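Some notes on the structure that comes next.
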Amino acid sequence: MIFNTCGVETGESLPIYAGPYSINSSLDTLQTLSTSGKILNHDITVNSIVITRTANQYGGITVQIEEAS
Amino acid sequence: MGVNQVFLKNETLIDLTQDTVVANKLASGYTAHDRSGESVIGTLQLNSTITTSGTHIVIPPNSTWNHLDIFGIPEGVTGKNAFNVSACTLGYYISASGAVSRDNSNPSMYTELIPVDAGQSYTFSGICGLKGNKRIHGYNENGTWVKQLDFVNQNTINIGSNMLLTVTIPATGIRYVRISCSQPDEDLQFELGNSKTSYEEFGSGCYLQIDSYLGSHKFNRYIDFDGHKLNAAGYSPNMLSIDSTGNVSITVFSEVDYQVYDLDPILISNISTRDRIYILGIYHPPMQYTYTIDGLQAVVPDGTLAITEDGIYDVTSYQSVQVSVS
């Protein structure tokens with residue numbers, strides 16, 4: 001007899017999602033986590049985009065936008 | 001502090017740091033951001049035009065132009081000392097009767113015609129270098145000798161002593177003076193006023209430096225026009241126009257800097273009513289001069305400008321301008 005995690009009979013056995021559970025930000029591509037049809041019981045961490053602000057010699061501020069490394 | 005650069009990874013999204021926008025270069029009322037990223041509101045008055053009334057070019061005293069350069073050729077901008085030793089005629093003196101005579105025994109000299117104003121007092125000063133007569137002669141508008149105005153007798157002055165003559169120009173009849181003295185005399189000065197002031201070389205106080213000559217006129221070498229050095233093969237935009245009635249207009253492209261290259265412009269404070277300035281406004285030929293005027297009035301007597309096919313005014317005779325502070 002196959003039960004899902006709520007104890008309901010489903011008739012099939014779902015695999016457990018094996019990660020990744022942490023991904024870096026990307027400014028260029030869409031990243032897809034393959035969680036469809038899988039059991040997920042971990043938190044997923046998405047790293048933020050890095051934005052730095054520094055004063056420059058011309059009297060203004062330089063804003064640098066980068067992906068998290 | 002404003003944002004003036006934004007980079008997305010290695011890609012430049014915006015970069016204002018090399019921009020040159022400043023308020024006085026941006027049309028009045030328009031907005032932009034300068035290279036620091038701060039907002040700028042333009043103050044520039046575009047294509048301001050000075051129009052003429054008859055033969056007068058009038059620049060209002062409270063003009064918004066606080067730095068107006070007009071191409072022109074100053075002549076006779078002398079500073080306070082009008083005694084130009086380098087322009088003296090050497091080896092000759094002028095007697096009490098106005099006769100010009102060769103001096104075979106003593107090294108004498110006399111000045112060019114120095115313009116003077118009726119009723120004004122002028123002071124001639126110097127240090128005696130030779131026991132010779134020192135005379136101030138008066139001449140009329142045509143340069144014809146009228147009379148001796150004053151003199152120092154050679155027997156009353158010693159070498160090394162100070163010479164001092166003050167004359168008041170009569171109400172009528174005298175337009176120029178010549179001074180006859182000795183070549184070894186030093187610190188020679190002829191100045192407006194009834195007292196001697198500290199000695200200055202002829203030309204001191206003039207911000208215009210003389211570099212070269214064309215005919216009898218003195219010229220600068222170059223004018224820097226908006227970063228482009230002009231020379232004999234140079235070109236500058238037309239600044240003068242003349243209508244069917246002969247009135248002259250000077251169009252000032254105030255978004256452009258007109259500056260004398262390598263030289264400072266003459267300051268208005270150093271231009272007196274006795275100075276004459278030739279306005280060319282146009283290149284070709286010769287080179288132009290620049291002077292700075294800030295609330296002055298100029299009178300343009302006769303002059304000739306010929307329009308060439310390309311719309312540029314060729315100067316076929318100089319525009320003579322009497323300058324006075326309004």
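Within every chain, numbering begins at 1; the chains are lettered A, B, ... in the order of the sequence lines, protein sequences first and strands thereafter. Because only heavy atoms are used, hydrogens play no part in the values below, and waters and symmetry mates are left out as well, while side chains stay in. Please read these numbers as outputs of a predicted model, since none were measured by experiment.
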Worksheet item: Taking every heavy-atom pair that is under 4.5 Å apart, which of Thr17(B), Asp34(B), Leu8(B) has the most such pairs with chain A?
Response: Thr17(B)
Discussion item. For Val6(B), give me all partners under side-chain contact (heavy atoms from CB on, under 4.5 Å), at least two apart in sequence or on another chain.
Written reply: Val63(A), Ile65(A), Val3(B), Leu13(B), Ile14(B)
Item to complete: Look up atom OG1 in Thr12(B) and atom CZ in Phe7(B), then write down how far apart they are to the nearest 0.5 Å.
Response: 4.5 Å
Discussion item. Counting only non-hydrogen atoms closer than 4.5 Å, does Gln18(B) touch chain A with its backbone (N, CA, C, O), its side chain (CB onward), both, or neither?
Written reply: side chain
Practice prompt. With sequence neighbours left out, write down each residue that passes salt bridge (Lys or Arg N to Asp or Glu O under 4.0 Å) with Asp43(A), or none if nothing qualifies.
Written response: none
Practice prompt. Please answer whether the main-chain N or O of Gly2(B) pairs with a side-chain N or O of Glu38(B) as donor and acceptor at a distance below 3.5 Å.
Written response: yes
Worksheet entry | When Asn56(A), Ile61(A), Asp28(A) are compared by non-hydrogen pairs under 4.5 Å with chain B, the top option | Ile61(A)
